[in-house]
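Below is one structure, written out as structure tokens; the observations come after it.
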Amino acid sequence: MQYLGQNEASLACPHGCCPTSLLFNPPPPPPLQTQNTTTKPRNSSAECRHSFAATTASSIFPNTKFTNHESLPSLHESFSEFKKVYPQYSETDQVDHVRDKEYYHLSFSNQSCLDYIGIGLFSYYQRQHHHDTSKTQLASSSTPPSPPQYSDNIPFFSISYKTGNLKTLLLHGGQESEFESAMRRRIMKFLNISENDYFMVFTANRTSAFKLVADSYPFQSSKKLLTVYDYESEAVEAMISCSERRGAKAMSAEFSWPRLRIQSTKLRKMIVSKRKKKKKRGLFVFPLHSRVTGARYPYLWMSIAQENGWHVLIDACALGPKDMDSFGLSLFQPDFLICSFYKVFGENPSGFGCLFVKKSAITTLESSSCAGIVNLVPDRLLLHPSEDKDSSKQKPLSILQEQDLSSLSSFSGRIQTSQAIKVEQELSELQIIAAPAKPKQGSGRVEAKGPVESLQSKKAQDGSENGGFNIDCRCLDQVDSLGLIMITNRTRYLINWLVNSMMKLKHPNAEGVPLVKIYGPKVKFDRGPALAFNVFDWKGEKVEPVLVQKLADRNNISLSYGFLHHIWFADKYAEDKGKVLQTKEGRVQGVITNKKKDRDKLGVTVVTAALSFLANFEDVYKLWTFVARFLDADFVEKERWRYTALNQKTIEV
């Protein structure tokens, strides 16, 4: 059950059928003695959700199928119809204003970034403005000739790796600079996590955070590790590998084909203890929703796990930037929580992870030397450009690049898979601002107005609370000002329009073979803003996701691809099982093995798209029209020849 703050509970649902507060806090059932005479409330949560799905399906291109990409309606026509179906979308115009003023690089590059997961910290305007200011300060200082050269990728602080004992750090603390304390407090305030209940650790990335828990959890006495992921996650696989070496018995939930819903009966059997005596059974790792398919999972599973003696780890990396407001952390109180942050949306996906450990759970951990904990190191040259005048004493900005990061590839920002990752020898670095940035005279850049500006008056207070540092995380400020309701409704309208429109694309043959297959939830009120799909040719053969991703990238659309696994097929889908499942390398399995180890290696490779809070209608329209081009049977061949003619690398089919 999700919970909203009272200040977020006043907005009505898209079609005016019920208030949002009802969707998250449905009224309790009537007393037993009145149940037979009391009618069900007309504007119930279930009715509202059903109304939303029915209206979407019946109002967007009703009774229409598109068999030619040239017959698609224009952007203007589509947007006009979109606003008729979702009239409250116009109430999210403030997001467009923020995007235009603070993330104008998206319009200049005409790039649709549909591969970012996590929470952004800074805006592009903020980064560029401070970079310009820093260069001006350097030029006007009394530094000797031949100053160091700075590129557009200058960090404002970096991370430095350190090995240590997680339990010791949690029990006794460590040396924390004012700078790190300020960033920690800003993040915990944003996530509504109390310092009285949780301890926060900076990690290199999401994978590092998962490995830290696996290295320290007492699997010798609490042997089981139970995960709930419908896709292969590098971070979770690293945790499983590490925990099994330490004696854990790893298990996974399964997901029913074709909707990929949790197999509830099987999961309950794995969670519920048959013994009456309570004993810590192990670690239950639960994502609040799938970052690949967009499926949301009932929070009830956390309560069931806790009631049966499990420690609970919540993976919040796929949450929207304000979803923690509706999570109800004080109600569930997980033992561990992991989230990730990236620098600038659409410009720099490098970032760091955060591991939150409940203080009452610290004593259960074991002492072990762990890698992946990091310090945040401010760049003194940029903070105090006039201090170190001897350039020979300045530490090079690439000091951390000498470290081997092959096992610590970043999972903040853009979605990646093990097949797609080329470990970037790039610092995971972030930005600090000593004072609120102001637009330069005549620069043509104007700060976003409205709720965003109202936050600036709080900067001085925040600075004193954060030990004197004024950390201007403008993206966090923007998300706070926009609020949960606006962000959630906006992405809900966009993702459901995209899903419905994708299903309208059909090949122009007699059978009307669908161009697109969507995995997981289809049109649904409470689906997440992520989508997993595949494109099929007129013969029904799948176009490889890697190829779709490459072609999308060359059309200024950033997508990714993933691997769905742990899929359970009912007897009536036995024929699908032989056709659908394949290895990660793409080999289709004609004969399905019964060995668990072999079954775990089978799944479905898919194309993935994720909508951020900055996504707009043009982004989803561009993706739709790009996918529609596969209705042309010669599209792939034309693209190959076109790019070969331009002396670009040939795409291998």
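- Between Pro287 and Val228 the shortest side-chain heavy-atom distance falls below 4.5 Å.
- The six-membered or imidazole ring of Phe332 lies near that of Tyr299, with a centre-to-centre distance under 6.0 Å.
- A 4.5 Å side-chain heavy-atom check between Leu226 and Val285 finds every atom pair outside the cut-off.
- Taking 4.5 Å as the limit, some side-chain heavy atom of Leu121 sits within range of a side-chain heavy atom of Cys473.
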*asked:* Go through it in stages, so that I can follow the logic: the residues are Tyr297 and Asp230, the test is side-chain hydrogen bond (donor to acceptor under 3.5 Å, both in side chains), and I'd like the CA-CA distance, side-chain angles, deciding distance and then a yes or no.
replied: CA-CA 11 Å; Tyr297 304 130; Asp230 61 4; 3.3 Å; yes
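- Considering only residues two or more places apart in sequence or on other chains, Tyr198 meets the ring pair (Phe, Tyr, Trp, His ring centres under 6.0 Å) condition with none of them.
- In this structure, Glu176 and Ser181 approach most closely via the heavy-atom pair OE1-CB, 3.5 Å.
- With rounding to the nearest 0.5 Å, the separation of CZ in Arg291 from CG in Leu319 is 11.0 Å.
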*Checking salt bridge (Lys or Arg N to Asp or Glu O under 4.0 Å) for the pair Asp480/Arg186: CA distance, chi angles, key distance, verdict?*
CA-CA 12 Å; Asp480 277 335; Arg186 180 67 186 93; 3.4 Å; yes
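- The minimum heavy-atom distance between Thr491 and Phe613, with the atom names listed, is CG2-CA, 4.4 Å.
- Between Ile304 and Leu267 the shortest side-chain heavy-atom distance does not fall below 4.5 Å.
- At least one side-chain heavy atom of Leu531 sits less than 4.5 Å from a side-chain heavy atom of Val499.
- The six-membered or imidazole ring of Tyr217 lies near that of His311, with a centre-to-centre distance under 6.0 Å.
- Applying the salt bridge (Lys or Arg N to Asp or Glu O under 4.0 Å) test to residues at least two apart or on different chains, none of the pairs has a partner in residues 214-226.
- Of the possible donor and acceptor atoms, none in the side chain of Thr92 sits under 3.5 Å from a partner among the backbone N and O of Arg490.
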*asked:* Is there a side chain to side chain contact (heavy atoms under 4.5 Å, CB included) between Ser243 and Phe219? Walk through the geometry before answering.
replied: CA-CA 7 Å; Ser243 61; Phe219 286 114; 3.4 Å; yes
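- A donor-acceptor pair under 3.5 Å links the side-chain atoms of His289 to the main chain of Ala318, judged by distance alone.
- Contact of the Leu288 side chain with the Asp323 side chain is not registered, since no non-hydrogen atoms from C-beta on lie closer than 4.5 Å.
- Side-chain contact between Lys211 and Met239: absent, with no pair of heavy atoms (C-beta onward) separated by less than 4.5 Å.
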_Leu365 and Val213: CA distance, side-chain angles, deciding distance, side chain to side chain contact (heavy atoms under 4.5 Å, CB included) verdict_ = CA-CA 9 Å; Leu365 299 178; Val213 177; 5.8 Å; no
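- Atom SG of Cys317 and atom CZ of Phe341 lie 9.5 Å apart (nearest 0.5 Å).
- Distance check: Met486 CE to Ser481 OG gives 8.0 Å after rounding to the nearest 0.5 Å.
- Smallest separation of non-hydrogen atoms from Cys113 and Gly346: SG-CA, 3.7 Å.
- Listed by chain and number, the residues in a side chain to side chain donor-acceptor pair (under 3.5 Å) with Arg246 are Glu366 (sequence neighbours excluded).
- A salt bridge (Lys or Arg N to Asp or Glu O under 4.0 Å) check over residues 162-173, counting only residues at least two apart or in different chains, returns nothing.
- With hydrogens and angles left out, the side-chain atoms of Ser273 and Asn308 include no donor and acceptor closer than 3.5 Å.
- By the side chain to side chain donor-acceptor pair (under 3.5 Å) test, Ser360 pairs with no residue at all, sequence neighbours left out.
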*Under the side chain to side chain contact (heavy atoms under 4.5 Å, CB included) criterion, do Trp301 and Ile271 qualify, and how do the steps go?*
CA-CA 9 Å; Trp301 290 114; Ile271 293 176; 3.7 Å; yes
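- Scanning all heavy atoms of the two residues, the minimum distance from Thr203 to Asn205 falls at OG1-O, 2.9 Å.
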*Under the side chain to side chain contact (heavy atoms under 4.5 Å, CB included) criterion, do Asn192 and Met324 qualify, and how do the steps go?*
CA-CA 7 Å; Asn192 293 324; Met324 283 296 290; 5.6 Å; no
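- Stacking of Lys322 on the aromatic ring of Phe190 is recorded, both the 6.0 Å distance cut-off and the 45° axial limit being met.
- Taking NZ from Lys358 and OG1 from Thr364, the interatomic distance works out to 10.5 Å, rounded to the nearest 0.5 Å.
- Counting heavy atoms from C-beta outward, Phe286 and Leu313 have side chains that stay 4.5 Å or more apart.
- Residues passing the side-chain contact (heavy atoms from CB on, under 4.5 Å) test with Phe199, sequence neighbours excluded: Leu170, Val201.
- Take Glu244 and apply the side chain to side chain donor-acceptor pair (under 3.5 Å) test, not counting sequence neighbours, and it matches no residue.
- In this pair, Phe352 and Phe202 present their aromatic rings perpendicular. The plane angle is above 60°, beyond the 30 to 60° band.
- Distance alone, capped at 3.5 Å, is enough to place a donor-acceptor pair between the Thr488 side chain and the Leu484 backbone.
- Among residues two or more places apart in sequence or in another chain, the salt bridge (Lys or Arg N to Asp or Glu O under 4.0 Å) test is passed with Asp315 by Arg206.
- Separating the CD1 atom in Ile119 from the CG atom in Leu191 is a distance of 5.5 Å, to the nearest 0.5 Å.
- Rounded to the nearest 0.5 angstrom, Phe210 CZ and Leu355 CG are separated by 9.5 Å.
- Residues forming a ring pair (Phe, Tyr, Trp, His ring centres under 6.0 Å) with Tyr229 (at least two apart in sequence, or on another chain): Tyr231.
- Glu195 and Arg184 are joined by a salt bridge, as a carboxylate oxygen and a charged side-chain nitrogen come within less than 4.0 angstrom of each other.
- Residues passing the side chain to side chain donor-acceptor pair (under 3.5 Å) test with Ser241 are Arg245, sequence neighbours excluded.
- Looking at Gln333 and Asp197, their side chains never bring a donor and an acceptor atom within 3.5 Å of each other.
- Of all heavy-atom pairs between His566 and Ala253, the closest is CB-O, 3.5 Å.
- Val377 approaches Ser160 most closely through the heavy-atom pair CG2-OG, 3.4 Å.
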*Candidate pair Glu180 and Asn375, rule side-chain hydrogen bond (donor to acceptor under 3.5 Å, both in side chains), full reasoning*: CA-CA 8 Å; Glu180 290 173 304; Asn375 285 122; 3.0 Å; yes
Kindly list each side-chain donor-acceptor pair under 3.5 angstrom involving residues 520-530, sequence neighbours excluded, with atom names and distances?
from	atom 1	to	atom 2	distance (Å)
Lys522	NZ	Ile518	O	3.3
Asp526	OD2	Arg49	NH1	2.9
Arg527	NH1	Pro521	O	2.4
Arg527	NH1	Lys522	O	3.1
Arg527	NH2	Thr293	O	3.0
Arg527	NH2	Ala530	O	2.3

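- The salt bridge (Lys or Arg N to Asp or Glu O under 4.0 Å) check on Lys266 picks up Glu254, with sequence neighbours excluded.
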